[in-house]
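Heads up: the structure comes next, in structure tokens.
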Amino acid sequence: MMETKVSQQYNQMASVYDRRWSGYILNTLLFLKNWAQIPPSATVLDVGCGTGEFEKIVLAENPTQHMVGVDISQKMLAIAQNKCHEYTNVSFQTASVLQLPFADDSFDVIVSASAFHYFDAPDAALTEMKRVLKPDGCVVILDWCRDYFLCQVCDILLKIFDPAYKQCYSQAEFHNLLAAAGFEIRRASKVRFGIVWGMMIATATPQPK
Ligand SMILES: C[S@@+](CC[C@H](N)C(=O)[O-])C[C@H]1O[C@@H](n2cnc3c(N)ncnc32)[C@H](O)[C@@H]1O
């Protein structure tokens, strides 16, 4: 199963992840924080939270923000836990996006950064996120965008050489996935990081029942 390969890969990489990707992590997560404009009172779920860098960035501004991070890599989570151990309002759990261990309608905001291209079943992942999201909540997803040339090249190469990699999507495909899972897109953009690397972000809310 793909998730086993992903967790193995990130367990192996965990101790060097922050150092190896420091520039990318800081740029993308600051962008996500500024884009998301998370209300201070919101309860936030971070899917594929990795080493807890997003939590650290948010907590630096609002130390009382209620946040839960989930990831399938226990070693990434151990680092996240260590970084945020002083905060009783923040917790981390080992869980897959396909089976979130939370009741329906639990979160005001769900974020996910640079993880969507690993998800085995993106349609089921979005449906599961919608289940745990409050009806007036929103998801904010940031990920690689295949509309950019370098992402297209990486997509081809990673599919061949990286057993953990699933695929990245064009913005149109991503929006179709969101719509099919019952989300309405409120705000969306494509964004370049550096000269060549391209990502996309969307804020979406559950369609009214
Ligand atoms: C590139 S890292 C991004 C980490 C963090 N969001 C950041 O921006 O620094 C991708 C993370 O997604 C996690 N991940 C991949 N597939 C997942 C799944 N199905 N459920 C939960 N987490 C997953 C990986 O274990 C990894 O920690």
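As the structure lists them, so they are numbered: ligands from 1, and atoms in each ligand from 1. It should be emphasised that the depicted structure is a prediction, and the values quoted were computed from it without experimental measurement.
- Here the side chains of R192 and Y148 are in contact, with some heavy-atom distance below 4.5 Å.
- Neither the backbone nor the side chain of E53 comes within 4.0 Å of ligand 1, counting heavy atoms alone.
- A salt bridge links K190 to D147: one of the charged nitrogens lies within less than 4.0 Å of a carboxylate oxygen.
- Looking from atom 12 (O) of ligand 1 to the surrounding protein, the closest heavy atom is A115 CB, 3.5 Å.
- Between K83 and D18 there is a salt bridge, with a side-chain nitrogen of the basic residue lying less than 4.0 Å from a carboxylate oxygen of the acidic one.
- Atom 9 (O) of ligand 1 has as its closest protein heavy atom Y17 OH, 3.1 Å.
- Under 4.0 angstrom from ligand 1, there are no non-hydrogen atoms of A125.
- Hydrophobic cluster membership differs between I79 and M76, with clusters built from Ile, Leu, Val, Met, Phe, Trp and Tyr side chains linked at under 4.5 angstrom.
- In terms of protein heavy-atom proximity, atom 5 (C) of ligand 1 is closest to G48 O, 3.4 Å.
- Hydrophobic side-chain contacts under 4.5 Å tie I156 into a cluster, directly or through other members, with F149, V153, L157, I160, F161.
- Neither the backbone nor the side chain of F54 comes within contact range of ligand 1; no heavy atom lies under 4.0 Å.
- Remark: minimum distance from atom 15 (C) of ligand 1 to any protein heavy atom is reached at V6 CG1, 3.5 Å.
- Annotation: atom 14 (N) of ligand 1 to nearest protein heavy atom, I72 CG1, 4.0 Å.
- Residue-ligand proximity: T28 is placed with every non-hydrogen atom at 4.0 Å or more from ligand 1.
- Shortest contact from atom 21 (C) of ligand 1 to any protein heavy atom: A95 O, 3.5 Å.
- In this structure, K56 places its NZ atom where only 12 or fewer heavy-atom neighbours from other residues, nucleotides or ligands lie under 6.0 Å away.
- At the top of the distance list for atom 20 (N) of ligand 1, counting protein heavy atoms only, stands V97 N, 3.0 Å.
- Using a non-hydrogen distance threshold of 4.0 Å, S7 does not register as a contact of ligand 1.
- The nearest non-hydrogen atom to atom 10 (C) of ligand 1, considering only C49, S114, G50, A164, comes from S114.
- Considering only non-hydrogen protein atoms, atom 1 (C) of ligand 1 sits nearest to Y10 OH, 3.1 Å.
- When non-hydrogen atoms are compared, ligand 1 lies under 4.0 Å from the side chain of L29 (C-beta onward) but not from its backbone.
- The distance from the CD atom of Q171 to the OG atom of S189 is 7.5 Å, given to the nearest 0.5 Å.
- Ligand 1 lies less than 4.0 angstrom from a heavy atom belonging to D71.
- C49 is not listed as a side-chain neighbour of F54, based on a closest heavy-atom distance of 4.5 Å or more.
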